[in-house]
Amino acid sequence: MGTATTAEATPAFLVVDDREEGRTFLARLLRYQFPGARVVEAASGSEALARAADSAPDLILLDALMPEMDGFETCRKLKAQPATDRIPVLMVSAVLTDSENRVSGLQSGADSYICKPFENDELLAQVSALLRIRNNELALRAQQRVLEEELVTRRRIELELVEARQTAEHAAQAKSEFLANMSHELRTPMNGVIGLTDVLLDTELDAEQRDLANTIKTSGETLLAVINDILDFSKIESGKLELESRPFRLRDLVIHALNLIQRQASGKELALFWEIESRTPPQVAGDEIRLRQILSNLLSNAIKFTERGEVRIHVAFCDLDHHNGELHFSISDTGIGIPKEKMNRLFRSFSQVDASTTRQYGGTGLGLAISKQLTELMGGRMWVESEPGRGSTFHFTVRVHVPPAGSPAGPATHSAVYGRRILLLDPDDATRSRLAALLTSWEMKPIEGGTTLELIDALLLRQQPAPEAILLDEYLLRAARPEQVAALHRWQLANSGALLLLRPADQRGAMAPDVAPLQVTAQISRPVSASNLFDIFSRVLAPGNAQAEAGTGIPAGPLAHQHPLRILLAEDNPVNQKVAIRMLERMGYQATIASTGADVLTALKQQFYDLVLMDLQMPVLDGLQATRQIRSDFPADRQPYIIALTASALVGDRDKCIAAGMNDYLRKPIREMDLRAALGRCPLVPQK
Ligand code: ADP
């Protein structure tokens with residue numbers, strides 16, 4: 001078949017005429033006009049149909065009047081068969097020249113009609129015009145084919161895209177299910193490792209055993225932090241991380257973050273300072289937990305990379321409009337600093353400044369990447385300024401909502417300790433000043449007493465108002481003379497003061513010395529853990545607490561004495577049962593165990609429990625199902641308080657628990673401090 005150019009330059013013709021001289025004349029004329037043209041001849045209509053199909057001409061010149069099959073019928077047939085229907089036909093007639101015949105020629109499908117005698121030029125002009133049309137059509141058809149091919153390719157790509165998206169969605173789904181499962185599987189044994197090491201640490205151990213157990217605990221906590229990092233990172237990567245927005249107090253946020261890293265700082269000569277600019281609203285709404293995560297990550301880095309000097313937190317605020325603002329946190333240290341050329345690597349995942357195999361500091365290199373992404377999710381950014389050898393300052397901003405003045409405040413988590421006056425009596429200068437710094441960071445008012453009890457009377461008299469609690473070294477107390485004990489006793493009676501006894505590490509299990517008539521409110525074992533100390537202060541300084549204990553003469557005892565609860569522990573995993581039971585025992589509670597959701601229902605039918613500690617994943621009936629049944633089937637006066645225990649840590653878990661009717665939520669591995677705080681929130685129902 002001729003192409004757009006060849007059809008014009010060397011076209012192919014089919015000349016159809018029953019008379020030979022007619023054919024010859026036309027063939028000659030065409031060859032003359034179009035040198036190199038191919039001219040095929042046919043002497044009848046049927047021959048024309050065959051030749052047109054096999055020689056594929058660019059134009060057919062067709063005689064109208066022929067025996068058997070005339071030009072009209074031949075034309076109709078040519079236009080009816082797919083192989084020839086697009087070949088232009090010029091009908092030529094010497095006899096049928098009236099307009100009626102011309103009309104029926106065109107109606108039979110001819111593209112043009114010319115009557116004999118004709119001027120050669122006119123015929124050739126018509127031939128050229130028809131060839132041009134033919135060429136244009138061929139070009140259009142070629143373009144159409146290209147377009148059709150393109151369309152097919154596009155459709156294929158579209159299909160492939162849809163398939164790829166489905167595959168990616170399935171993969172993301174599988175990944176998040178995998179994460180949920182892994183999260184559970186990894187945390188469950190960690191609950192055993194960390195929880196039982198805690199229990200072990202509270203038994204009588206010699207120094208070496210204690211050291212080993214402490215190492216197990218620290219390693220466990222490190223591993224858990226890595227697991228959490230990887231989980232967080234994958235969640236952010238797959239867009240699965242949702243942020244919460246709840247009101248919280250900025251000061252609590254900072255203090256909590258400091259608490260988390262206190263132990264890490266205690267071995268170093270580091271001063272910790274914090275400052276919140278005065279025009280910052282005391283309360284904002286945002287994701288407190290994620291903010292604390294960023295802060296404690298930056299603080300922990302600052303401490304990790306600083307041997308001496310100080311670590312400072314500074315918080316500034318900038319109004320965006322009436323209801324929104326931007327918080328600007330900066331965390332500065334006086335540590336090793338970061339070389340300029342390494343700074344751009346900092347925020348990349350799995351990246352460390354010192355990537356050598358001999359590097360001194362551990363870590364996954366995920367902390368900053370996660371923190372930066374979290375900040376960006378909160379509408380802010382993170383950057384760093386640093387000078388090697390002098391220190392670094394990490395900055396980050398986040399957008400927060402500013403609740404209108406007078407809106408309900410979040411729980412005041414450290415209000416019980418705020419501004420409280422504590423006398424510190426410890427012979428070791430270093431410990432005493434570390435404790436004082438810690439208390440100051442919680443906005444308490446530590447009074448550093450001397451290293452002996454010699455001046456106790458004067459000290460207590462001089463301090464006005466008198467301290468509300470005394471943190472007293474056990475050796476000092478053992479060595480106290482009767483008049484010193486009497487001075488302490490007077491203070492305790494007059495102020496309902498809390499006496500907190502600091503005990504040596506290796507005597508954890510041993511009895512406290514008999515110091516009657518003094519009332520020991522709580523015992524604290526060395527080394528003093530910041531979180532434990534904070535917990536004890538919050539408890540004993542809570543309004544009415546110390547007074548009640550000291551005033552009524554009830555010996556200071558475990559939580560169960562002050563807050564008796566009938567507890568049902570719903571947990572199928574034997575290790576987790578052991579962890580929870582031992583923790584509860586240490587607080588003085590005896591809990592009943594149920595291993596499935598169904599057992600929980602049975603137990604609750606037999607007896608009233610104030611509290612159910614409900615694992616989420618249990619055989620037969622899981623924690624959520626069991627809770628829903630309890631909430632729908634039990635009468636109001638037999639409804640227990642339910643705290644979820646879960647090893648999974650995915651978004652929405654807490655909401656799911658609350659929606660099912662639970663009251664509170666604890667993540668495994670359970671920390672004794674959190675469990676204690678959660679139990680404290682459970683309301684007391686008069687014992688039946
Ligand atoms: P890692 O878990 O390894 O600490 P991060 O993402 O938190 O991971 O930190 C990445 C790297 O950035 C660290 O390994 C360290 O090299 C560097 N870095 C972070 N904070 C500081 C800091 N305050 N001073 C010096 N270097 C730091």
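Quick caveat, the model's predicted, so the values are computed rather than measured. Numbering of ligands and ligand atoms starts at 1, following listing order. All values below come from the heavy atoms of this structure, side chains included, with hydrogens, waters and symmetry mates left out.
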Donor-acceptor pair, Asp473 side chain versus Asp426 backbone, under 3.5 Å?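 Such a contact is absent between Asp473 side chain and Asp426 backbone.
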If you count the atoms of ligand 1 from 1 in the order shown, which ones are under 4.0 Å from a heavy atom of [X]?
X	answer
Leu366	6 (O), 8 (O)
Gly337	25 (C)
Lys304	1 (P), 4 (O)
Leu346	12 (O), 17 (C)

Charged N to carboxylate O under 4.0 angstrom, [X] versus [Y]?
X	Y	answer
Arg432	Glu448	yes
Asp615	Lys668	yes
Arg312	Glu310	yes

Answer with yes or no whether [X] contacts ligand 1, where contact means a heavy atom under 4.0 Å from a ligand atom.
X	answer
Gly335	no
Phe394	yes
Gly391	no

Under the side chain to side chain contact (heavy atoms under 4.5 Å, CB included) test against Pro446, which residue among Leu424, Leu471, Leu435, Leu423 passes?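 Going through Leu424, Leu471, Leu435, Leu423 one by one, the side chain to side chain contact (heavy atoms under 4.5 Å, CB included) with Pro446 is satisfied by Leu424 alone.
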Just wondering, do Met382 and His395 contact through their side chains at under 4.5 Å, heavy atoms?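 A side-chain contact under 4.5 Å is absent here.
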Taking distance alone, with N or O pairs closer than 3.5 Å, would you say Leu368 contacts ligand 1?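 Leu368 vs ligand 1: N/O contact under 3.5 Å present.
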